[in-house]
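Only this structure's heavy atoms are used, side chains among them; waters, hydrogens and symmetry mates stay out.
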Amino acid sequence: MPTRSLNDAVKELRDAYELAKLGYAVTYPGQPQPFITCVYRSPEEQLELYAQGRTKPGPIVTQLKSGSKHNTLPSRAIDIAFMQNGKLTWDKKHFINFAAIMKSMNAAIKWGGDWKKFKDYPHFEI
């Protein structure tokens with residue numbers, strides 16, 4: 001089962017997320033706040049996720065069959081959504097706002113929303 005524990009991420013990514021989360025709360029009070037949906041997942045779980053939208057129902061959410069930065073422990077990637085009043089939202093504007101703060105915390109942070117071919121707005125990696 002994929003983990004959502006920030007402790008499963010590399011220290012640089014963990015630190016950047018924690019600082020960005022605080023910065024986001026101050027900058028966007030009253031807005032949905034970041035919520036970690038995935039940190040580590042096994043290579044087998046990666047294959048299952050890759051099948052989604054291809055050989056299994058659901059939307060395509062990854063372009064990698066293997067070799068994701070989620071597949072290392074400690075993980076070099078995290079995925080997030082936004083939560084308010086117990087409900088998750090995937091509104092792109094929240095990801096854009098959070099990404100600006102997150103990337104400012106560490107220049108080595110890469111955001112999936114900046115990728116040219118496959119936009120992965122929930123994804124951050126180092």
How about R76 and L13: do any of their side-chain heavy atoms sit closer than 4.5 Å? no
Tightest non-hydrogen contact, residues P57 and Q52, listed as O-CG, 3.4 Å
Same cluster or not: I96 versus I78, using hydrophobic residues (I, L, V, M, F, W, Y) connected whenever any side-chain heavy atoms lie under 4.5 Å apart? yes
With side chain to side chain contact (heavy atoms under 4.5 Å, CB included) as the criterion, how do H94 and Q33 come out once you've worked through the C-alpha distance, each side chain's angles and the decisive distance to 0.1 Å? CA-CA 8 Å; H94 302 304; Q33 295 298 302; over 6 Å; no
Report the distance from atom CZ of R41 to atom CG of D79, rounding to the nearest 0.5 Å. 5.5 Å
Single hit among F98, W111, W115, W90 for ring-ring contact (aromatic ring centres under 6.0 Å, His included) with Y121: W111
Should F118 and L64 be regarded as members of a common hydrophobic cluster, given that ILVMFWY residues are connected when their side-chain heavy atoms come within less than 4.5 Å of each other, either directly or indirectly? no
Closest non-hydrogen contact found for N71 with S42 is ND2-O, 3.5 Å
Going hydrophobic residue to hydrophobic residue with side-chain gaps under 4.5 angstrom, can you get from F124 over to V61? no
Heavy atoms only: give me the nearest P74-A9 pair and the separation to one decimal. CB-C, 3.8 Å
CZ/F95 to CG/D120 distance, rounded to the nearest 0.5 angstrom? 9.0 Å
Taking S75 for its side chain and D8 for its backbone only, find out whether a donor-acceptor pair lies under 3.5 Å. no
Would you confirm whether the ring centroid of F82 sits within less than 6.0 angstrom of the ring centroid of Y28? no
Heavy-atom side-chain proximity of T62 to H123 below 4.5 angstrom: no
Between V39 and M102, is there shared hydrophobic-cluster membership here, with clusters defined by ILVMFWY side-chain heavy atoms closer than 4.5 Å? yes
Under 3.5 Å: donor-acceptor pair, side chain of E125, backbone of G112: no
Using every non-hydrogen atom in the two residues, find where L19 and M105 come nearest and quote the distance to one decimal. CB-SD, 3.5 Å
Can you measure from OG1 (T72) to NE2 (H70) and round to the nearest 0.5 angstrom? 9.5 Å
Return the minimal non-hydrogen interatomic distance between L88 and A81, and the atom names on each side. CD2-CB, 4.0 Å
Any side-chain heavy-atom pair from E12 and V10 closer than 4.5 angstrom? yes
Can you confirm whether K69 is buried at NZ, in the sense that more than 12 heavy atoms of other residues, nucleotides or ligands lie under 6.0 Å from that atom? yes
Closest non-hydrogen atom pair, A108 against N106: N-OD1, 2.7 Å
Do L49 and I60 sit in the same hydrophobic cluster, where Ile, Leu, Val, Met, Phe, Trp and Tyr count as joined when their side-chain heavy atoms come under 4.5 Å apart? no
Enclosure of K65 NZ (heavy-atom neighbours >12, cutoff 6.0 Å): no
To the nearest 0.5 Å, how far apart are CD in Q63 and OG in S68? 12.0 Å
Quick one, N97 and Q31 - any side-chain contact, counting heavy atoms below 4.5 Å? no
Please examine the side chains of Y17 and I109, heavy atoms only from C-beta on, and report whether any two atoms are closer than 4.5 Å. no
Euclidean distance, K21 NZ relative to I36 CD1, rounded to 0.5 Å: 7.0 Å
Can any side-chain N or O of K119 pair as donor or acceptor with the backbone N or O of G113 at less than 3.5 Å? yes
Check K11 with D15, please: is the shortest side-chain N to carboxylate O separation under 4.0 Å? yes
Any ion pair linking K56 and E48 (charged N to carboxylate O, less than 4.0 Å)? yes
